[in-house]
Amino acid sequence: KNEVEQSPQNLTAQEGEFITINCSYSVGISALHWLQQHPGGGIVSLFMLSSGKKKHGRLIATINIQEKHSSLHITASHPRDSAVYICAVRFSGGGADGLTFGKGTHLIIQP
Amino acid sequence: DTEVTQTPKHLVMGMTNKKSLKCEQHMGHRAMYWYKQKAKKPPELMFVYSYEKLSINESVPSRFSPECPNSSLLNLHLHALQPEDSALYLCASSQVLLYGYTFGSGTRLTVV
């Protein structure tokens, strides 16, 4: 069964802390996405990775294809970063396939 | 234009109503998707259209009927829904052989 596991499920931290969210998956993938969703809101795509590392502002995403693992880091966290962060993968194969989602990490940054 | 636009943003409908959700993108993406998301759960794939043809139907009840009239538009027709169908319905698009996804902001559907 193709699975995506995220940890932690819930994370509360103080403003300014360095945040790490982890994602692991069971079989080969063609791409991994990190997504952000605010309560009651739609989904925003933060990163798409197939190898290596990407950085955008205070967000950094890394992927290790051999270990089937990815991490999302937030530096100098801020209360506006409070949201659900979702890891989603597109398992290997051609064509148009849907994403398989992790259960999400509910992040709260306290001022 | 780098957005997926969904309308309406909110919809309340009775169990005997017929309504439609609309999704539009002008990025030239040839794959479009409908997802259903219940509260505090990850999205679940419902339908995939590739080059305007239905390529994946994840055993969705027939009260949900998708339609892709052209490469920019995706509709979801709703009929005789149940209260348990209340959810956030998300549309997304991507290139078929490339993997970047763009999501719409969703339609919050309440069935009464």
Side-chain angles (χ1 to χ4, degrees), chain A residues 1-7 9-10 21 23 25 28-52 54 56 61 63 65 70 82-108, chain B residues 2-7 9-10 23 27 29-60 66 68 71 74 87-110:
Chain A
K1 182 181 176 183
N2 297 339
E3 292 185 338
V4 179
E5 298 288 337
Q6 268 188 253
S7 62
Q9 287 191 342
N10 297 283
I21 300 170
C23 176
Y25 48 91
I29 64 170
S30 51
L32 182 143
H33 299 256
W34 281 104
L35 309 167
Q36 180 193 59
Q37 187 172 33
H38 284 98
I43 290 177
V44 174
S45 180
L46 299 175
F47 296 103
M48 184 196 69
L49 297 162
S50 55
S51 65
K54 288 189 176 180
H56 185 252
I63 189 167
I65 296 296
S70 176
S82 299
V84 177
Y85 292 84
I86 305 170
C87 171
V89 303
R90 196 168 193 171
F91 289 106
S92 293
D97 299 318
L99 296 177
T100 300
F101 294 81
K103 292 184 178 179
T105 294
H106 187 195
L107 175 65
I108 297 173
Chain B
T2 58
E3 292 185 346
V4 172
T5 302
Q6 287 188 244
T7 55
K9 293 196 181 305
H10 297 90
C23 175
M27 295 176 282
H29 289 174
R30 301 306 295 274
M32 297 185 76
Y33 311 81
W34 280 115
Y35 288 88
K36 173 183 177 180
Q37 186 180 26
K38 301 284 280 184
K40 299 188 185 298
K41 298 287 188 183
E44 297 175 349
L45 183 66
M46 299 175 73
F47 302 105
V48 180
Y49 273 83
S50 177
Y51 296 100
E52 296 88 69
K53 294 192 186 307
L54 183 65
S55 62
I56 295 176
N57 176 341
E58 291 287 356
S59 302
V60 179
C68 190
S71 61
L74 183 67
L88 180 68
Y89 288 84
L90 292 160
C91 174
S93 70
S94 73
Q95 294 287 12
V96 173
L97 295 179
L98 299 175
Y99 307 120
Y101 257 64
T102 303
F103 283 88
S105 57
T107 294
R108 176 78 56 191
L109 174 68
T110 302

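All values below come from the heavy atoms of this structure, side chains included, with hydrogens, waters and symmetry mates left out. Each chain gets a letter, A, B and so on, in the order its sequence line appears, and its residues count up from 1.
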Residues, nucleotides or ligands: over 12 heavy atoms within 6.0 Å of B:K38 NZ: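 Result for NZ/B:K38: enclosed.
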
Heavy-atom contact with chain A under 4.5 Å, split by part of B:Y35: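 When you check distances to chain A, only side chain atoms of B:Y35 fall under 4.5 Å.
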
B:Q37, part contacting chain A, at a heavy-atom distance under 4.5 Å: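 Looking at B:Q37, just its side chain touches chain A.
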
Among B:P43, B:G106, B:S105, B:G104, residue most engaged with chain A (heavy-atom pairs, under 4.5 Å):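 Greatest number of close heavy-atom pairs with chain A: B:P43.
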
Close aromatic pair by centroid cut-off 6.0 Å: B:F47 and B:Y49: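 Centroid separation for B:F47 and B:Y49: 6.0 Å or greater.
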
Working for salt bridge (Lys or Arg N to Asp or Glu O under 4.0 Å), residues B:E52 and B:R30: CA-CA 7 Å; B:E52 296 88 69; B:R30 301 306 295 274; 2.9 Å; yes

Any donor-acceptor N or O pair under 3.5 Å, side chains A:W34, A:S45: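 There is no such pair between these side chains.
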
